[in-house]
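Throughout, residue positions are numbered sequentially from 1 according to the sequence presented.
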Amino acid sequence: AFYAANEGIDICLRTIIPSLFPFFFLSGIINSALIGVNSHFLRPLSRLCRIPVGAESLMILGLTGGYPVGANATYTAYVSGSMSRRSAQRMIAFCNNAGPAFVFGILSPLFENRLACWTLWGIHICTAILVAVLLPGAETETCIETKNNSANVTQFLQMAIQNTATVCGWVILFRIVMGFLDRWFLWLLPKEIQILLCGLLELSNGCISLSGIVSDGLRFVLATVFLAFGGVCVAMQTASVIGDLSTKSYLLGKGMQTALSLLFAGIMQNFLFPAGTVHLPFFLYMPGIFVLSLPILKKTVAFPTKIRYNKENSPE
C-alpha cells in the first residue's frame, strides 16, 4: 500500500495537478463570466447539442478542461440557479471529458504516428457531441445570469484547490487498490487483460501501462476506450463534484460515448496503422452501431404509449 501510494502521489504531481488545477481555476472564472450570457457566435453549439442557450461555455469547458472539470462547472451553474436540475443532469452526460493536456501529455509518447493523438482527441470530441445530439430530453430553457455567479479570485482559487485535492485523493486510493489486485491475481492474467482492467478502473494508470502493448492498433483502440469511459475512478471523482445530481445520466452518456469510440477507433486504426491493425470481432462494434441508429429506431418503431382507463376499466 505504501509503495502504490507513492506511485499515486507521483502521478498526481507529474500529471493530475499540472493538467487539472489550472483548468479548475479557469473554469470558475469562465463560468462566472460567460454562464447565462447570450453569445450569438456560440448559438450553433447550443442548437446542435440541444442545450440551454447561454450554457455553451459549459460545453467548451467539458470538451477541453479534463475530467471532472466540465461536470463541476455544470453543477456550479445548477447550484447558482442559472439552469434547471433536469438540464444539468443531461449535460453532465457529455460535458465531462478528457482534456488535451492529458491526451497529448500522456498518450503522445506511445505512438510514432503523430496523427494518432490528434485522431484520439478528435474521436473523443466528436463522440461527446454525438452523445449530446442523440441523448433524449432536450431543453428549450435559457440559462440565467445570476448574482451568485460573481465571486472573487480567492474563492475560485480555493475551489480549484479543493477539487484538485479530491481528484488526487481518488487517484491515490485507486492506485493502492490496483497495487493489491496486481499482487493478488492480476499477474495470472494475460498482459492485455491486465492493462484493460487497469484502464477501466483508473484512467491515468491504464494509459501509462499501454506502453506494454506491442500492437499499435490495439494500443490505439484501448486508448480511445479508456478516454471515453474514464474509468471507475473518474466516475467517483465526478460523483464527488456534482453534489446531489444523479450519476445515472453520466453513466448512460459514458456508455454511449464508449460504444461510439470503439466503433470509430476500430475504423480509424486501419488508416493510421496498416501494418499493426488488430481485427476486432464484429460483435464489439454492435453497441456503437446501435447508438448511431437510435434516431432511426425512434422514428420507425412504434413505442408503447401510456394508456388511460375509465371507470369501467376499458382503455380510452
Side-chain angles (χ1 to χ4, degrees), residues 10-11 14-16 18-20 22-23 60 62-67 69-70 94 96-131 171 189-231 233-234 254-289 291-292:
D10 185 57
I11 292 174
R14 289 188 298 107
T15 305
I16 304 300
S19 63
L20 281 188
F23 276 99
I60 295 174
L63 294 175
T64 60
Y67 292 116
V69 173
F94 50 85
N96 195 37
N97 301 279
F102 181 87
V103 174
F104 292 96
I106 297 297
L107 297 176
S108 58
L110 300 178
F111 302 100
E112 293 183 4
N113 190 339
R114 299 196 175 190
L115 288 176
C117 271
W118 287 101
T119 307
L120 280 171
W121 194 38
I123 291 175
H124 195 55
I125 291 177
C126 290
T127 52
I129 295 175
L130 269 175
V131 171
V171 170
L189 303 175
K191 188 70 175 178
E192 292 79 7
I193 303 299
Q194 292 183 39
I195 295 173
L196 176 62
L197 292 176
C198 181
L200 293 179
L201 282 175
E202 205 281 307
L203 177 63
S204 301
N205 286 288
C207 290
I208 292 172
S209 62
L210 284 173
S211 58
I213 293 181
V214 178
S215 171
D216 290 328
L218 182 58
R219 199 184 311 130
F220 179 81
V221 171
L222 288 179
T224 309
V225 170
F226 291 168
L227 289 176
F229 180 62
C233 183
V234 166
K254 287 290 110 178
M256 295 173 62
Q257 188 174 359
T258 303
L260 292 172
S261 297
L262 180 60
L263 174 64
F264 294 144
I267 296 173
M268 292 305 299
Q269 63 160 335
N270 295 278
F271 302 98
L272 294 171
F273 313 105
T277 298
V278 56
H279 299 286
L280 301 175
F282 182 74
F283 71 85
L284 291 178
Y285 295 132
M286 293 305 295
I289 296 173
V291 172
L292 284 178

Closest non-hydrogen atoms of Q269 and G266, given as atom of the first, atom of the second and distance, are CG-O, 3.2 Å
Atom pair OG1/CZ of T119 and F271 - distance to nearest 0.5 Å: 11.0 Å
How close do L200 and F229 get, heavy atom to heavy atom, and via which atoms? O-CE2, 3.5 Å
Passing option when Q257 is tested against N96, N97, I129, V291 for side-chain contact (heavy atoms from CB on, under 4.5 Å): N97
Is there a side-chain contact between F264 and C126, using heavy atoms and a 4.5 Å cut-off? no
Any donor and acceptor pair, going by atom type alone, linking the side chain of K254 with main-chain N or O of A228 inside 3.5 Å? yes
Excluding sequence neighbours, so at least two apart, what forms side chain to side chain contact (heavy atoms under 4.5 Å, CB included) with P274? none
Side-chain heavy-atom pair L197, Q194 within 4.5 angstrom cut-off: no
Would you check, one step at a time, whether the test side-chain contact (heavy atoms from CB on, under 4.5 Å) holds for F102 with Y67? CA-CA 9 Å; F102 181 87; Y67 292 116; over 6 Å; no
Starting from the C-alpha separation in whole Å, work towards a yes-or-no answer on side-chain contact (heavy atoms from CB on, under 4.5 Å) for F273 and R219. CA-CA 11 Å; F273 313 105; R219 199 184 311 130; over 6 Å; no
Not counting sequence neighbours, which residues clear side-chain hydrogen bond (donor to acceptor under 3.5 Å, both in side chains) with N113? List them please. none
Which atoms form the tightest heavy-atom contact between L203 and F226, and what is the distance? CD1-O, 3.2 Å
How long is the span from the CG atom in L262 to the OH atom in Y285, to the nearest 0.5 Å? 7.0 Å
What's the spacing between I123 CD1 and L227 CG if we round to 0.5 Å? 9.5 Å
Hey, could you give me the CE/CG distance between M256 and L292, rounded to the nearest 0.5 Å? 9.0 Å
Partner set under side chain to side chain contact (heavy atoms under 4.5 Å, CB included) for I60, not counting sequence neighbours: L42, L45, T64
If we check side-chain contact (heavy atoms from CB on, under 4.5 Å) with L107, which of these qualifies: L210, T224, I208? L210
Rounded at 0.5 Å granularity, tell me how far CG in L196 sits from CG in L201. 9.5 Å
Would you find a donor on one side and an acceptor on the other, under 3.5 Å apart, between the side chain of N270 and the backbone of I267? yes
If you measure from OG on S211 to CD1 on I195, what distance do you get to the nearest 0.5 Å? 7.0 Å
For L218 and E192, work out which heavy atoms get closest and say how close. CD2-CG, 3.8 Å
Closest heavy-atom pair and its distance - W121, L63: NE1-O, 3.9 Å
Over all heavy atoms of both residues, which pair between G217 and V278 is shortest? Give the atoms and the distance, please. C-CG1, 3.7 Å
